[in-house]
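Mind having a look at this structure? Questions to follow.
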Amino acid sequence: MIEAICNGETDAQKLASLRNGNCKKSEDEMQKALQSNGRKDYLFALKQEYQMYQNLQNQIKDCDIEIKKILEDQIDSDNNKKQHYTDPKVYKRVNKNTPKNIDLNLIGYQYFEGVDLLKIEGFSHQTLLTLMSEVGLEGIKKFGTAKQFASWLRLTPNNKISGGKVLSSRVPKGSNRLKIALRNAANAIGNLKESTPLRDFFHRINFRKGRVSAISATARKLGIIIWNMIVKNTSYYNAENYLYLDEKRKLAVQKRIQKQMEKQMEKHQFKVDDFNFITT
């Protein structure tokens, strides 16, 4: 639609027919809003903004291609990384800013030599990319303990003690891209509706100290989990067995079908034993 306007199209009916299918407004409402006022200065400014947008999108695509090339070169040059394989996670939501030309599920699994960090709820593809670019596999192994890694992230309270009394326990100032990414992941965990160990931990801290402290504490816990998974090669275990959106939909369909069958059986006075169900 914007491209048509920039090319000089002024017919509101034709412009309204180009609207996106996800648009909430009807075609008639869009047609009323697309009446041209003939201002050439506005049209010139729109053309400039649209050209800048296209230029930025092309640069983003070039960056995505370069990121893919660098990651594939690192994996292809290491047979230990290349041998690993994992099934795709169709239920994992892909952010609109995530590179579309990279299978980050597979590349992340190979890059960290068989460690599946995307099993952690709230851990997005963007967080995975940030971890690879900021520290990488060899960088995170240089930290002797998980506490040292969390301290480098500046997510560990800086306890000031004098005479056996704690004067201050604030998280030190300073930030980096990985800290920001982990805090975003912690915030996403806090927004989960289903109960998980990390989500419950977030809400416990949130109840006592507020959301800001809960985000910092959960981000620190994420850093500890990541270090243990990569350095000690311990797999992430979720006791609550958190289900992603795709799996929830499947279960909802199964429950709905089961409920409909039970109603029909009750209506026609049938019993389960009257049917020879075959389970596979």
Please confirm whether the backbone N or O of Thr130 pairs with a side-chain atom of Ser133, one donor and one acceptor, at under 3.5 Å? yes
Any heavy-atom pair between the side chains of Met52 and Asn55 that's under 4.5 Å? no
Shortest non-hydrogen pair, Ile5 vs Leu43, comes out as O-CD1, 3.4 Å
What distance separates Tyr111 OH from Asp78 CG, expressed to the nearest 0.5 Å? 10.5 Å
When rounded to the nearest 0.5 angstrom, what distance separates CZ in Arg211 from NE2 in His203? 7.0 Å
Has Gln148 got more than 12 heavy atoms of other residues, nucleotides or ligands less than 6.0 Å from its CD? yes
Got a donor-acceptor contact below 3.5 angstrom from the Glu9 side chain to the Asp11 backbone? yes
As a quick check of understanding, evaluate side-chain contact (heavy atoms from CB on, under 4.5 Å) for Lys68 and Glu72, giving each step before the final call. CA-CA 6 Å; Lys68 182 180 180 182; Glu72 287 180 345; 3.0 Å; yes
Should Leu222 and Leu129 be counted in the same cluster of Ile, Leu, Val, Met, Phe, Trp and Tyr side chains packed under 4.5 Å apart? yes
Show, in sequence, the C-alpha distance, side-chain angles and deciding distance for Tyr53 and Gln48, and conclude whether the side chain to side chain donor-acceptor pair (under 3.5 Å) test is met. CA-CA 9 Å; Tyr53 167 78; Gln48 293 285 310; over 6 Å; no
Atom pair CZ/CG of Phe202 and Leu192 - distance to nearest 0.5 Å: 9.5 Å
In sequence, state the C-alpha distance, the side-chain angles, and the governing distance for Thr127 and Ser124, and then conclude on side chain to side chain donor-acceptor pair (under 3.5 Å). CA-CA 5 Å; Thr127 314; Ser124 66; 2.9 Å; yes
Hey, are the side chains of Glu3 and Asn7 touching, using non-hydrogen atoms and a 4.5 Å cut-off? yes
I'd like to know whether CD of Gln57 has more than 12 heavy-atom contacts from other residues, nucleotides or ligands below 6.0 angstrom. yes
Tell me whether Tyr42 at atom OH has more than 12 heavy atoms from other residues, nucleotides or ligands lying less than 6.0 Å away. no
Can you check side-chain contact (heavy atoms from CB on, under 4.5 Å) on Ile120 and Leu198, steps first, answer last? CA-CA 9 Å; Ile120 306 172; Leu198 284 174; 4.0 Å; yes
Going from CD1 on Ile225 to CZ on Arg220, what distance comes out if it is rounded to the nearest 0.5 angstrom? 10.5 Å
Do Lys221 and Leu155 have side chains that get closer than 4.5 Å, going by heavy atoms? no
Flag, side chain of Thr234 to backbone of Asn228, donor-acceptor distance under 3.5 Å: yes
Can you name the closest pair of heavy atoms from Lys81 and Leu137 and give their distance? NZ-CD2, 3.3 Å
Val135 versus Lys142: any side-chain heavy-atom pair under 4.5 Å? no
Are Phe143 and Trp152 close enough, and set up right, to give a ring-ring contact (aromatic ring centres under 6.0 Å, His included), and what steps lead you there? CA-CA 9 Å; Phe143 296 97; Trp152 176 81; 5.6 Å; yes
Work out which heavy atom in Gln110 is nearest to a heavy atom in Lys82; give both atom names and the distance. NE2-O, 3.7 Å
Verify same cluster id: Ile224, Phe149 (apolar side-chain graph, 4.5 Å): no
Is there side-chain contact between Glu27 and Ser17, with at least one heavy-atom pair below 4.5 Å? yes
Which pair of non-hydrogen atoms, one from Met1 and one from Leu15, has the smallest distance, and what is that distance? CE-O, 3.2 Å
Calculate, to the nearest 0.5 Å, the distance between atoms CD1 and CG belonging to Ile180 and Leu153 respectively. 11.5 Å
Where do Glu29 and Ser26 land on the side chain to side chain donor-acceptor pair (under 3.5 Å) test, with the steps shown first? CA-CA 5 Å; Glu29 289 176 304; Ser26 65; 3.3 Å; yes
Does any part of the side chain of Asn187, heavy atoms only, come nearer than 4.5 Å to the side chain of Leu182, both counted from C-beta? no
Do Phe123 and Ile107 sit in one hydrophobic cluster, given that two such residues count as connected whenever their side-chain heavy atoms are within less than 4.5 Å of each other, even indirectly? yes
Quick one: do Tyr109 and Trp227 end up in the same hydrophobic cluster if we chain Ile, Leu, Val, Met, Phe, Trp and Tyr together by side-chain heavy atoms under 4.5 Å apart? no
Is the backbone N or O of Lys147 less than 3.5 Å from a side-chain atom of Ser151, with the two atoms forming a donor-acceptor pair by type? no
Counting C-beta onward and ignoring hydrogens, is there a side-chain heavy-atom pair between Phe112 and Leu117 closer than 4.5 Å? yes
Using side-chain heavy atoms (C-beta onward) and a distance below 4.5 Å, is Leu71 in contact with Met132? yes
Ser216 side chain to Ser213 backbone, donor-acceptor under 3.5 Å: no
On a heavy-atom basis, the closest approach of Gly108 and Leu128 is CA-CD2, 3.8 Å
Audit row: Ile70, Ile65, side-chain contact (heavy atoms from CB on, under 4.5 Å) steps and yes/no: CA-CA 9 Å; Ile70 292 171; Ile65 292 170; over 6 Å; no
Starting at CG of Leu46, measure out to SG of Cys6 and round the result to the nearest 0.5 Å. 4.0 Å
For Asn105 against Asp87, the heavy-atom pair lying closest together: ND2-O, 2.9 Å
Show your reasoning for whether side-chain contact (heavy atoms from CB on, under 4.5 Å) applies to Thr86 and Leu118. CA-CA 11 Å; Thr86 184; Leu118 289 177; over 6 Å; no
Please walk me through it: do Arg199 and Asn191 pass side chain to side chain donor-acceptor pair (under 3.5 Å)? CA-CA 8 Å; Arg199 183 255 188 190; Asn191 292 332; over 6 Å; no
